[in-house]
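Keep in mind that the numbers below use all heavy atoms, side chains included, and drop hydrogens, waters and symmetry copies. Here is how names work: the chains are called A, B, and so on, in the same order as the sequence lines, proteins then strands, and each is numbered from 1. In this text, all values refer to a predicted model and were calculated from it rather than measured experimentally.
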Amino acid sequence: MTENNFWLKKIEISVSEAEKRTGRNAMNMQETYTAYLIETRSVEHTDGQSVLTDSLWRRYSEFELLRNYLLVYYPHIVVPPLPEKRAEFVWHKLSADNMDPDFVERRRIGLENFLLRVASHPILCRDKIFYLFLTQEGNWKETVNETGFQLKADSRLKALNATFRVKNPDKRFTELKHYSDELQSVISHLLRVRARVADRLYGVYKVHGNYGRVFSEWSAIEKEMGDGLQSAGHHMDVYASSIDDILEDEEHYADQLKEYLFYAEALRAVCRKHELMQYDLEMAAQDLASKKQQCEELATGTVRMFSLKGMTTKLFGQETPEQREARVKVLEEQINEGEQQLKSKNLEGREFVKNAWADIERFKEQKNHDLKEALISYAVMQISMCKKGIQVWTNAKECFSK
Amino acid sequence: MGTLGGAGLAAAAGRARTVGMEGDRLASQARSSGLPAGGATGESPGVDAPLLGGSGSSALLQAQVLDLDEDEDDLEVFSKDASLMDMNSFSPMMPTSPLSMINQVKFEDEPDLKDLFITVDEPESHVTTIETFITYRIITKTSRGEFDSSEFEVRRRYQDFLWLKGKLEEAHPTLIIPPLPEKFIVKGMVERFNDDFIETRRKALQKFLNRIADHPTLTFNEDFKVFLTAQAWELSSHKKQGPGLLSRMGQTVRAVALSMRGVKSRPEEFMEMNNFIEIFSQKINLIDKISQRIYKEEREYSDEMREYGPIHLLWSASEEDLADTLKGVASCIDKCCKATEKRMSGLSEALLPVVHEYVLYSEMLMGVMKRRDQIQAELDSKVEALMYKKADADLLTEEIGKLEDKVECANNALKADWERWKHNMQNDIKSAFTETAEENIHYYEQCLATWESFLASQTDLHMEETSEDKPEAH
């Protein structure tokens, strides 16, 4: 299927399987990693049936490569985040091991989510590299690297804490950056405490399981209340084991929050890029202004600013009018160039702000919708947990009252 | 010092009661194959090794005194039995509906026939140069004739309770005397007199006195009466009477020597009883530990929840559209947190003290079994002596006759009290757990209501929002 046809039809993307593999890495050492199967289906309009059009295997590092590429080529877009590289906000039952099947499963879902987000983004979905990611298994890495995106990447952005002293910051972006910092901080706090709450809840439920065993042993010596004890014990076991499913569901909720934790970072990245652009713009304007001034001084003969040339002139004597004129000419050329550059930078800047702000609005709506849904689903989970609790304890009470 | 210990014994003898097997436990118990050696296997956030070891109990087990002059009392008192018969809760006609059993949780005997009401309150600290101690106010209200007045108020300290218990055990070695709260709590005690400790102790002391009051035999004990009514100086002088320290020590030594002989001739029913007590003791200790652990976990859960809710509130401050939803979640979590606190306090009031009392009871029971065994051992040793020492045959035979009566009375007293105790235990345990179950149900119902109303508010809002977007239909 050609690229154009690809996007005309409605497509379904799924990350359907995960497989452990061994291979050799760049340093020719053996390593174990997990590969994920990506299947793309096109949906026929006429009968709604989906046909498998592509299926290939990718590993996490390839997803990372794709995302890094998108970050460079679409600096004004809030690029969807990947699921976490290492398990964080772990509570005692969860393993922090990347090979752990539960972690792999949750990562599979996260990767699928990432692809769906990119595919449903009005701009990102049209990207050729993304299309190739889904359709071209071999050589894709080389193709990405050939775009030279790593060279385009501004290394200054990597310095996380570097501050650029911007004289006229855009108030909206400053507020947005502030918001993204707050969002990041509050969600990570929430996830930390949630993990501790989950841990404690697990403890409460599981200790009740001990009742089951002891009641059963006790019932052996009781004539009258033996049966009641035995059945009550059974219900305590049911209660204790019910927490596993409950907390598994909660883990999915936590993953939804995590996505927005990482989205906050993506938001911040857009702000930083804007900041950098603004900084460059201001530097260029400043440079232009100083050149203009130099030019003026040379023309009028007054020296208002310190310059090396001025100093040497003072020490070694005035320069000839021809020399001066030559210099003025050079400066005038530079000023022209500078003005052109400044104009294009300004234009670039305005385009960036317009496009970025459009995507930010889109993002805001998506965020509000998704998080609201997540919070509501949390309430639904709590309701289900309460209902289960009522049932088990009602049964247990009946046994005790016998 | 006439004790009315005989009353209960004779009352038991006077009734036609089948104390025996009521059918065997079915072998098809799902989990237990025979009686396990016991002990926890720490699979989960587990419970540690079973028995804590009677740390507190050593202070409670008084000198194993055998007061041997009860025989005459038994015969004398026999005639007074009739009046006591109907007071005895130990009737086969006990109603068995769950509701009535629950109602009888606090006072084991028919509440309407109670004529002795005791409360323990107002703990007060007393400081002297030598020591600091606490006294409790004890108020007794009664309609009984043998009491000089209908209401009494006295102050007693823990030592006084210990004394009373000792006297009761002396007078009725094979009756099941209610347990006293421990002298000290081993774990996690910073100071002896912290408020929770005092309150727990106060409640346990009240329970102790009321259990004595409800016991068909012990309720008429003279020392008990003195304890409830005498002023401080009267009590002190009363305490000084009775067998002196040396004679009591001598009896202890003899008792220990006798117990060394072993229980080779323990009758079948007491073997069973002993077996039950051993297993019961194991299990109740485990349940005590499990219950304490649950309380601890619930406490820690509640602590975390208290931090969890406010984070949502904090978040809502930086959001616009999400603010309401977040505030809603914060408020739900806070309400659930409060519900958890309530559940915890329910646990600590309904379940923990009951289970703990029976832990202490199980230690008591082992003491009672020992004392019964000792009484029998005395008889056995005399019988053996008769076989080998033909010289004092007559004297021995007379002594043996007395001891045989003594053994029979002791056994009967224990048998009767045992059935009564077991019955109460079953009721108490069942109702304590029933109440716990109710607390849990209530907790989940509250949380359910909270989240459901939140959900309803969210979906209502959603419907409002979407209806605003919809074009008006005509």
Query raised in the report: Can you tell if the side chain of A:Y211 reaches within under 4.5 Å of the side chain of B:I294, non-hydrogen atoms only?
Result: yes
Query raised in the report: How about A:F400 and B:I429: do any of their side-chain heavy atoms sit closer than 4.5 Å?
Result: no
Report summary line: A:K397 and B:T434 have their tightest heavy-atom pair at CG-CG2, 3.8 Å
Report task. Evaluate the side-chain proximity of B:W315 to A:I187: yes if any heavy-atom separation is below 4.5 Å, no if none is. Result -> yes
Report task. Start with the C-alpha distance between A:E222 and B:Q426, add both sets of side-chain angles, then the distance that settles side chain to side chain donor-acceptor pair (under 3.5 Å), and finish with yes or no. Result -> CA-CA 9 Å; A:E222 285 289 344; B:Q426 287 165 353; 2.8 Å; yes
Query - Point-to-point distance, once rounded to the nearest 0.5 Å, from NZ of B:K283 to OG of A:S219 - result: 10.0 Å
Report task. Taking the side chain as every heavy atom from C-beta outward, state whether A:V197 and B:Y301 have any atom pair closer than 4.5 Å. Result -> yes
Query raised in the report: Below 4.0 angstrom, N of the basic side chain to O of the carboxylate: do B:E307 and A:R196 qualify?
Result: yes
Report summary line: Closest heavy-atom pair, B:E297 versus A:G203, reported as atoms and distance to 0.1 Å, is OE1-CA, 3.6 Å
Requested in this report: Please state whether the side chain, the backbone, both or neither of A:H208 comes within less than 4.5 Å of a heavy atom of chain B.
Outcome: both
Requested in this report: Go through the atoms of A:Y179 and report whether side chain, backbone, both or neither lie under 4.5 Å from a heavy atom of chain B.
Outcome: side chain
Report task. Give a yes or no on this: more than 12 heavy atoms of other residues, nucleotides or ligands lie within 6.0 Å of atom NE2 of A:H252. Result -> yes
Query raised in the report: Are the aromatic ring centres of B:F433 and A:F215 under 6.0 angstrom apart?
Result: yes
Requested in this report: Take A:R200 and B:D303 through the side chain to side chain contact (heavy atoms under 4.5 Å, CB included) test and state the conclusion after the steps.
Outcome: CA-CA 10 Å; A:R200 290 296 160 211; B:D303 286 344; over 6 Å; no
Query raised in the report: What residues of residues 356-371 of chain A sit under 4.5 Å from chain B when you count only heavy atoms?
Result: A:K367, A:N368, A:L371
Query raised in the report: Among residues 384-394 of chain A, which residues come closer than 4.5 Å to chain B, judged by heavy atom distances?
Result: A:M385, A:C386, A:K387, A:G389, A:I390, A:W393, A:T394
**Report entry** From B:L455 atom CG to A:I376 atom CD1, the distance as rounded to the nearest 0.5 Å
**Finding:** 6.5 Å
Report summary line: Okay, A:L229 and chain B: the region with an atom under 4.5 Å from a heavy atom over there is neither
